[in-house]
Amino acid sequence: MPLVPLNEVLGKADREGYAVGAFNCNNMEIVQAIARAAEEEKAPVIIQASQGAIKYAGLNYIVALVKQAAAEISVPVVLHLDHGTSFEQVLQCIRHGFTSVMIDGSQYPLEENIRLTRKVVEIAHAVGVSVEGELGRIGGTEDNISVSEAEAFFTDPDEAKRFVEETGVDALAISIGTAHGRYKGEPRLDFERLKKIDALVPCPIVLHGSSGVPDESIREAVRLGVRKINIDTNIREAFVGAIREYLPDHPDEIDPRNILRPAREAATAIIREKIRLFGSSNKA
Ligand code: G3H
Ligand code: 13P
Ligand code: ZN
């Protein structure tokens, strides 16, 4: 199937009350794992490229890999820019064929975030590309800030309403207690805040840093309106974990295909598990 924009898959998810998995890719094996998992689960899927992925693989490779993967399967696939850093980068991605972009202006003051995001929405919507914005700061688990310090960065529900109204974004990433990377303890999400945001904000809500969030909290977040769930770290753990497991038993192995095959299988398995948890199986 050709690539589709984000608003197409999230619109259906919103009407039917489930979330679509947004999985980060960095190489061919991970793109194949995401595509296979989605096809096997008959689920719509978002394949996203971060700043690190673009630096590592290059924009041309990412687009070619994802387009090929989408062409070989029958479920809707969105190619999404994860944490886009500038207007220029967004334009480059649109020109290369991305069907969705995130512009992450969360480090700027509200007015500036609104201005930058609105500018991106204007040009992206003109060519049928969807836009995700971010309000509130989603840090990394390595940032070493305490829970009370992190709360200062949580998304304010009234600001979220204003941000969405004034920018026209298709999806909003919020900060309610998740962080990127591996958690040291168990993350505790601010569901009251999520409830308020969902009541005020007309567009679908995005949860970043979702690896390592307990299944029960993910189910509750979906119940309260989260419609796009970002997963990267869990794929890395599965992929690299399978390689670590394989190598000690095969010290003489020099064929990368034999090393990467179990890694690709492990990534497919965890992605299938997440798709089922998000409720998007059989929703393609
Ligand atoms: O949002 C961050 C993602 O987990 C990917 O980060 O730039 O290291 O690929 P990365
Ligand atoms: P995790 O690596 O914590 O799953 O976060 C992924 C993410 O939010 C990508 O934008
Ligand atoms: Zn993120």
Side-chain angles (χ1 to χ4, degrees), residues 6 10 19-31 33-34 37 45-59 61-62 65-66 78-86 89-90 93 98 100-107 113 117 130-143 145 150 153-155 169 171-189 204-215 217-218 221-222 226-241 266-267 270-271 273-275 277-278:
L6 184 69
L10 294 192
V20 181
F23 302 102
N24 284 76
C25 71
N26 287 286
N27 60 16
M28 181 190 77
E29 284 77 11
I30 293 175
V31 170
I34 301 167
V45 77
I46 300 152
I47 306 184
Q48 56 188 13
S50 67
Q51 300 305 308
I54 293 169
K55 267 194 217 118
Y56 176 74
L59 218 41
Y61 271 92
I62 293 198
L65 288 168
V66 175
V78 178
L79 172 54
H80 178 78
L81 169 65
D82 189 28
H83 295 283
T85 50
S86 66
Q89 182 175 55
V90 163
C93 287
F98 279 59
S100 180
V101 291
M102 175 181 188
I103 179 73
D104 182 354
S106 61
Q107 73 276 30
N113 189 0
T117 307
S130 305
V131 180
E132 173 183 337
E134 177 173 325
L135 190 64
R137 297 277 285 277
I138 302 152
T141 49
E142 301 303 313
D143 289 349
I145 51 172
F153 294 124
F154 283 8
T155 307
V169 286
L172 178 70
I174 59 166
S175 167
I176 53 163
T178 58
H180 293 113
R182 273 180 142 169
Y183 292 96
K184 291 183 190 89
E186 192 170 288
R188 289 171 52 85
L189 308 198
I205 292 168
V206 183
L207 195 65
H208 283 244
S210 306
S211 296
V213 175
D215 288 1
S217 297
I218 292 285
V222 175
V226 165
R227 298 291 172 250
K228 173 177 181 276
I229 301 185
N230 287 13
I231 297 281
D232 186 0
T233 300
N234 281 157
I235 301 175
R236 297 179 183 201
E237 287 168 343
F239 195 85
V240 177
I270 185 73
I271 296 164
E273 220 176 89
K274 296 292 174 186
I275 288 173
L277 173 65
F278 303 160

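All ligand and atom numbering here is 1-based and tracks the order in the structure.
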Q: Using a strict 4.0 Å cut-off to heavy atoms of D82, name the atoms of ligand 1 that fall inside it.
A: 1 (O)
Q. Would you say Q48 and H83 make side-chain contact, with heavy atoms under 4.5 Å?
A. no
Write none if no such pair exists; otherwise list each N/O atom of ligand 2 with its protein N/O partner under 3.5 Å and the distance.
residue, atom, partner, partner atom, Å
ligand 2, 2 (O), T233, N, 2.9
ligand 2, 2 (O), T233, OG1, 2.6
ligand 2, 3 (O), G181, N, 3.1
ligand 2, 4 (O), S211, N, 3.3
ligand 2, 4 (O), S211, OG, 2.5
ligand 2, 4 (O), D232, N, 2.9
ligand 2, 4 (O), T233, N, 3.4
ligand 2, 5 (O), G209, N, 3.4
ligand 2, 8 (O), H180, NE2, 3.1
ligand 2, 8 (O), H208, ND1, 3.3
ligand 2, 8 (O), G209, N, 2.9
ligand 2, 10 (O), D82, OD1, 2.9
ligand 2, 10 (O), D82, OD2, 2.7
ligand 2, 10 (O), H83, NE2, 3.2
ligand 2, 10 (O), H208, ND1, 3.1
ligand 2, 10 (O), N230, ND2, 3.1

Q: Any chance you could lay out the side-chain contact (heavy atoms from CB on, under 4.5 Å) test for I235 and I271, step after step, and finish with the verdict?
A: CA-CA 7 Å; I235 301 175; I271 296 164; 4.0 Å; yes
Q) For atom 9 (O) of ligand 1, what's the nearest protein heavy atom and its distance? A) S50 OG, 2.6 Å
Q | Side chain to side chain, V66 and F98, heavy atoms closer than 4.5 Å | A | no
Q: For the residue pair I229 and L277, establish whether any side-chain heavy-atom pair is separated by less than 4.5 Å.
A: no
Q: Give the minimum heavy-atom separation between G177 and L189, together with the two atoms involved.
A: C-CD2, 4.0 Å
(Q) With heavy-atom distances below 4.5 Å as the criterion, would you say the side chains of F23 and V45 are in contact? (A) yes
Q. Under 2.8 Å from the Zn ion (ligand 3), which protein atoms of type N, O or S occur, listed by chain and number?
A. H83 NE2, H180 NE2, H208 ND1
Q: Answer yes or no: is there a side-chain heavy-atom contact under 4.5 Å between V206 and L172?
A: no
Q: Return yes if a side-chain donor-acceptor contact under 3.5 Å exists between E132 and H80, otherwise no.
A: yes
Q) Less than 4.5 Å apart, any side-chain heavy atom of F278 and any of V20? A) no
(Q) Set out, in order, the CA-CA distance, both residues' side-chain angles and the distance that settles side-chain contact (heavy atoms from CB on, under 4.5 Å) for S106 and R137, then state yes or no. (A) CA-CA 6 Å; S106 61; R137 297 277 285 277; 3.9 Å; yes
Q. Taking only residues two or more places apart in sequence or in another chain, which ones pass side chain to side chain donor-acceptor pair (under 3.5 Å) with N113?
A. T117
(Q) Out of M102, H180, Q51, Q48, who is nearest to atom 2 (C) of ligand 1 when you count heavy atoms only? (A) H180
**Q.** Residue and atom name of the nearest protein heavy atom (relative to atom 7 (O) of ligand 1), distance in Å to one decimal
**A.** G52 N, 3.0 Å
(Q) I'd like to know whether N234 forms a side-chain contact (heavy atoms from CB on, under 4.5 Å) with E273, so could you lay out the CA-CA distance, the side-chain angles of the two residues, the decisive distance to 0.1 Å, and finally the verdict. (A) CA-CA 11 Å; N234 281 157; E273 220 176 89; over 6 Å; no
Q.
Applying side chain to side chain donor-acceptor pair (under 3.5 Å), can you list everything that pairs with N230, at least two apart in sequence or on another chain?
A. H208, K228
Q. To which protein heavy atom is atom 8 (O) of ligand 1 closest, and what is the distance rounded to 0.1 Å?
A. R236 NH2, 3.2 Å
Q.
What protein heavy atom lies closest to atom 4 (O) of ligand 1? Include the residue and the distance to one decimal.
A. D232 OD2, 2.9 Å
Q | Per-atom contacts of ligand 1 with H83, taking only distances under 4.0 Å to non-hydrogen atoms | A | 1 (O)
